[in-house]
Amino acid sequence: MLDPKFIRENLDFVKEQIGKKKYPADLDKFIDLDAEKRKILSEADQLKNRRNVVSKEIGAIKKAKGNADELIAEMQTVSKSIQEFDVRLKEIELAINEIMLNVPNIPHESVPFGENPNDNVTIETWGEIPKFDFPVLEHTDLIEKHKLIDLKRGAKIAGSGFPVFMGDGARIQRALISLFLDRNVNLYGFTEISPPLLVNEDSARGTGQLPDKEAQMYEATIDKLFLIPTSEVPLVNLYRDEILDEADLPIYNTGYTPCFRREAGSYGKDVKGINRVHQFDKVELVKICKPEDSYAEFDKIVENVADTLKALNLPHRQLLLCTGDMGMTQTKTIDFEVWSPAQEKWLEVSSVSNCESYQARRANIRFRRTSTGKVEFVHTLNGSGLALPRTLIGILENNQQADGSILIPEALQKFFGKDKIQ
RNA sequence: GGAGGUGUAGCCUAAUUGGUAAGGCAGCAGUCUUGAAAACUGCCGGGUUUACGCCCUUGUAGGUUCGAGUCCUAUCACCUCCGCCA
């Protein structure tokens, strides 16, 4: 959510900026409603003040055994007016809220304008794209050959897109999770969090999954809970409706969770194997910090993620997303993509974003600045570090050998327990 | 799932038959001091306002009332006991 005051005072600028993203919003209507709201609020406040003052008088008169019938009669009509104002106010606030929840965040000045993914900018490419002197197998073949993942049985017990990891497949998943968490905690200073996998409606709204991405989430309707599409949701909502101490910032949280996504619109080649699935594992990075620090913290997350990909020796590139390809809540996003030699394309394994105060405003996460004593919204950032399935594809495909075996990256070996799959 | 109890600001604790949230601790600033402690003064939930001020806040949402921490309804969290359960 954007600052209503900022919109009011910079209407043209905001219109221009959000026009660069693909989310329509009726800001003119907001301006009208906002003006009406403030008018009514001030009138209602005056009446409430009158009621408070007179009610006190009535109390004093009653105590002195006097007659307050006239004042009480007046207050009856005043109270009725207040009630009418409050009803109208609630209607307006509901309407404003609906608009505001659909106004996207304003892109950072460093973000390139663009219509679609073609306009994203590659800012760094790392590693050598491997050359093979034998026919390259796709990950779908490799997982079958080594019995790492059983897609058919997964489809049987749950549905298409619910892979069953088994044997070395299950083990390498566990190894990757351990590697990621250990690095995030020991090298980058994050605190490990193991959160609930289901969240309530307020949490889903707090991080911006509702109302924008409702169709992407599985819902436990009887209990009004949502299966998390990313641990960003619980990791940020931990602090919902809180005022944090300045001394506690920045907060660095990392968490491993399964993630659940309905992904209704996907089809075709993209979903082959484990390229895109309904349930997958991910280790997430979340930061809560002061506004003036968020872009430095953003750069640090990007560096951390790149560092981990290098540790796995995975050829990858960084993309600065253009305005048209960004999500609603972000001001700036850098995607990390790993090279798939069999599919001959780049696969997204991480997305690092700064939400500035957008999520904080929605989720009402603030901090008290010691120097001024004032309460301000925090900035929130998140990044994957990393998502497992495509990272696994990268490892399997890039490290395959002529004899069909797969070498395990050195950094992963101590977690995996051996140096190859064969 | 059943029964009972408890929710007041960071923490602890008051508030008469309904009369508009008292106080303490911690914390922050200042005075005093060589420095510190102690003592004293002010601040010490949120919003809004240049400011004075005003509005909101007793878990949450409603209701009754001129007026609700207090009465009524619903709901949530925690504690105790019972049941079920990895």
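Chain identifiers are assigned alphabetically (A, B, ...) following the order of the sequence lines, protein sequences preceding nucleic acid strands; residue numbering begins at 1 within each chain. No hydrogens, no waters, no symmetry mates; every other heavy atom, side chains included, goes into these values.
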Interatomic distance where [atom1] belongs to [X] and [atom2] belongs to [N] [whole Å]:
X: Lys62(A); N: rU65(B); atom1: NZ; atom2: C1'; result: 11 Å
X: Asn200(A); N: rA61(B); atom1: CG; atom2: C1'; result: 16 Å
X: Asp241(A); N: rC76(B); atom1: CG; atom2: C1'; result: 14 Å
X: Ile40(A); N: rC54(B); atom1: CD1; atom2: P; result: 23 Å
X: Gln46(A); N: rU49(B); atom1: CD; atom2: P; result: 16 Å
X: Glu74(A); N: rC66(B); atom1: CD; atom2: C1'; result: 10 Å
X: Lys374(A); N: rC43(B); atom1: NZ; atom2: P; result: 17 Å
X: Lys56(A); N: rU65(B); atom1: NZ; atom2: P; result: 23 Å

Only pairs with both distances under 3.5 Å count, Watson-Crick or wobble alike; so what is the partner of [N] in this structure?
N: rU75(B); result: rG59(B)
N: rA9(B); result: none
N: rU70(B); result: none
N: rU65(B); result: none
N: rA21(B); result: none
N: rC40(B); result: rG30(B)
N: rU80(B); result: rA3(B)
N: rC54(B); result: rG47(B)

How far does the [atom1] atom of [N] sit from the matching atom of [M], given to the nearest Å?
N: rG19(B); M: rG67(B); atom1: P; result: 14 Å
N: rC81(B); M: rC28(B); atom1: C1'; result: 45 Å
N: rG46(B); M: rU58(B); atom1: C1'; result: 14 Å
N: rU65(B); M: rC84(B); atom1: P; result: 48 Å
N: rA15(B); M: rG24(B); atom1: C1'; result: 15 Å
N: rC78(B); M: rA86(B); atom1: P; result: 22 Å
N: rU57(B); M: rG35(B); atom1: C1'; result: 43 Å

Report which part of the nucleic acid [X] touches: base, sugar-phosphate, or nothing (heavy-atom distance under 4.0 Å, all strands).
X: Arg366(A); value: sugar-phosphate
X: Lys224(A); value: nothing
X: Ile58(A); value: base
X: Leu41(A); value: nothing
X: Val375(A); value: sugar-phosphate

* To do: Answer yes when Arg38(A) and Asp34(A) have at least one side-chain N-carboxylate O distance shorter than 4.0 Å, and no when they do not.
  =>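 Salt bridge: yes.
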* Do Arg205(A) and Glu201(A) sit within salt-bridge range, that is, some charged N less than 4.0 Å from a carboxylate O? ->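 Judged by the 4.0 Å cut-off on N to carboxylate O distance, Arg205(A) and Glu201(A) do form a salt bridge.
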* Does Asn49(A) make a side-chain N or O approach to OP1 or OP2 of rG53(B) shorter than 4.0 Å? ->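 No, outside the criterion.
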* **Contact under 4.0 Å: Arg368(A) side-chain N or O vs rG27(B) OP1/OP2** =>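 Checking rG27(B) against Arg368(A), no side-chain N or O comes under 4.0 Å of OP1 or OP2.
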* Would the His108(A) and Tyr295(A) ring centres measure less than 6.0 Å apart? ->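 That pair passes the under 6.0 Å test.
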* Asked: Looking at Tyr252(A), does the NZ or CZ of Lys287(A) lie under 6.0 angstrom from its six-membered ring centre and within 45 degrees of the ring axis?
  ->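 The answer is yes, since Lys287(A) meets both limits relative to Tyr252(A).
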* To do: Could you point out which residue of Lys418(A), Lys147(A), Lys420(A) forms a salt bridge (charged side-chain N to carboxylate O under 4.0 Å, His left out) with Asp168(A)?
  =>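 Only one of Lys418(A), Lys147(A), Lys420(A) forms a salt bridge (charged side-chain N to carboxylate O under 4.0 Å, His left out) with Asp168(A), namely Lys418(A).
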* To do: For the residue pair Thr207(A) and Gln209(A), confirm or rule out a side-chain donor-acceptor distance under 3.5 Å.
  =>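 Note: Thr207(A) and Gln209(A) side chains meet the donor-acceptor criterion.
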